[in-house]
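A short worksheet on the structure shown next.
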Number of protein chains: 2
Amino acid sequence: MGASKSDYFSAEQNEMAQLMKALGHPARIAIVEHLVKINSCVCTDIVNEIPLSQPTISQHLKELKNAKIIKGTIEGNSICYCLNHETLTKIESYIKQIIKTDQEKKSCC
Amino acid sequence: MGASKSDYFSAEQNEMAQLMKALGHPARIAIVEHLVKINSCVCTDIVNEIPLSQPTISQHLKELKNAKIIKGTIEGNSICYCLNHETLTKIESYIKQIIKTDQEKKSCC
DNA sequence: TTATTATATTGCAATATTACGATATATTAT
DNA sequence: ATAATATATCGTAATATTGCAATATAATAA
């Protein structure tokens, strides 16, 4: 096959997997880190910073935007991409909750 | 193409992307959640819990194990899979750091 | 030993992702 | 209007992922 059977899983599980997947590529991790590093956040900067072609970066940005990990606002000629704190916090809370719940049990490994 | 150009990115970026990618599938999210929910953590339980075939689940477990998100110890006939707190904490700290660093700057979106 | 149970591996088909050249679109500058 | 700049989309090739049937492996049970 190749298509993941998302019907078999809950909406929450699919959503979290999608968020993780969006961050599951070094270029997209690098984009997120670059957005953190700089104050201005137009796409050209990213193209110059990351050694991938403009269409490829545009595609990665689109995936991050779809996952709501970043948000972009058109600013004249260029686009201002920024991190979406709400989504990042959702990821952090999820992982934190997993760790916390698991720590309450006696581990067997 | 199709192969991600991991040479272009730092070891840290590749590592974090790999961790995220390992969690980037609903079946693997479901496996992690199931490991949290139950105390005993053999694979058979997972096969009964998640509507995918045994080989498919075995494959997903392998990916989680490769990423060190879970660890398994052989226990007689079966295997005891548990979460790896160290790795999960690494993910949590990373996201937390991103949010923290970004909040220190004035957002432009 | 033979059967049973639990898990892993192999092989393969279907689908998805990654990357980029070419091209389109849209805004600003001249 | 024309050129320049910034970003998106299309088309396509290369590679990766997903899923499973069949089979292998390994431990325990009978």
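A, B, ... follow the sequence lines: proteins, then strands. Residue 1 opens every chain.
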For [N], take OP1 and OP2 only and decide whether either is under 4.0 Å from a side-chain N or O of [X].
| X | N | value |
| --- | --- | --- |
| A:His25 | C:dA19 | yes |
| A:Tyr81 | D:dA6 | no |
| B:Lys65 | C:dT7 | no |
| B:Thr56 | D:dC20 | yes |
| A:Thr44 | D:dT7 | yes |
| B:Lys62 | C:dT9 | yes |
| A:Lys21 | D:dT17 | no |

Check whether the side chains of B:Gln97 and B:Ser93 place a donor and an acceptor atom closer than 3.5 Å, and report yes or no. no
Atom [atom1] of [X] and atom [atom2] of [N]: how far apart are they, to the nearest Å?
| X | N | atom1 | atom2 | value |
| --- | --- | --- | --- | --- |
| B:Asn77 | D:dA30 | CG | P | 12 Å |
| B:Ile79 | D:dT28 | CD1 | P | 12 Å |
| B:Glu75 | D:dT28 | CD | C1' | 14 Å |
| A:Ile46 | D:dT5 | CD1 | C1' | 16 Å |
| A:Gln59 | C:dT17 | CD | C1' | 8 Å |
| A:Asn14 | D:dT18 | CG | P | 13 Å |
| A:Gln54 | D:dC10 | CD | C1' | 13 Å |
| B:Asn66 | C:dA8 | CG | P | 11 Å |

Notebook entry, point to check: Is there a side-chain contact between B:Tyr94 and A:Glu33 (heavy atoms, below 4.5 Å)?
Noted result: yes
By nearest-heavy-atom nucleotide on DNA chain D, the more 5' of A:Tyr8 and A:Ile57 is A:Ile57
By nearest-heavy-atom nucleotide on DNA chain D, the more 5' of A:Ser78 and A:Pro55 is A:Ser78
Side chain to side chain contact (heavy atoms under 4.5 Å, CB included) test vs A:Ile31 passes for just one of A:Leu83, A:Ile69, A:Leu64, A:Val36, namely A:Leu64
- Message: Between A:Asn84 (side chain only) and A:Lys71 (backbone N and O only), is there a donor and an acceptor less than 3.5 Å apart?
- Response: no
Over 60° means perpendicular and under 30° means parallel, so tell me whether B:His25 and B:His60 are parallel, tilted or perpendicular. tilted
The answer to which of A:Gly76 and A:Ser53 contacts DNA chain C further toward the 5' end, by nearest nucleotide, is A:Ser53
query = NA contact type, B:Ile74, heavy-atom cut-off 4.0 Å: base, sugar-phosphate, or nothing?
reply = nothing
Quick note, B:Glu63 side chain, CB onward, closest among D:dT7, C:dT18, D:dT18 is D:dT18
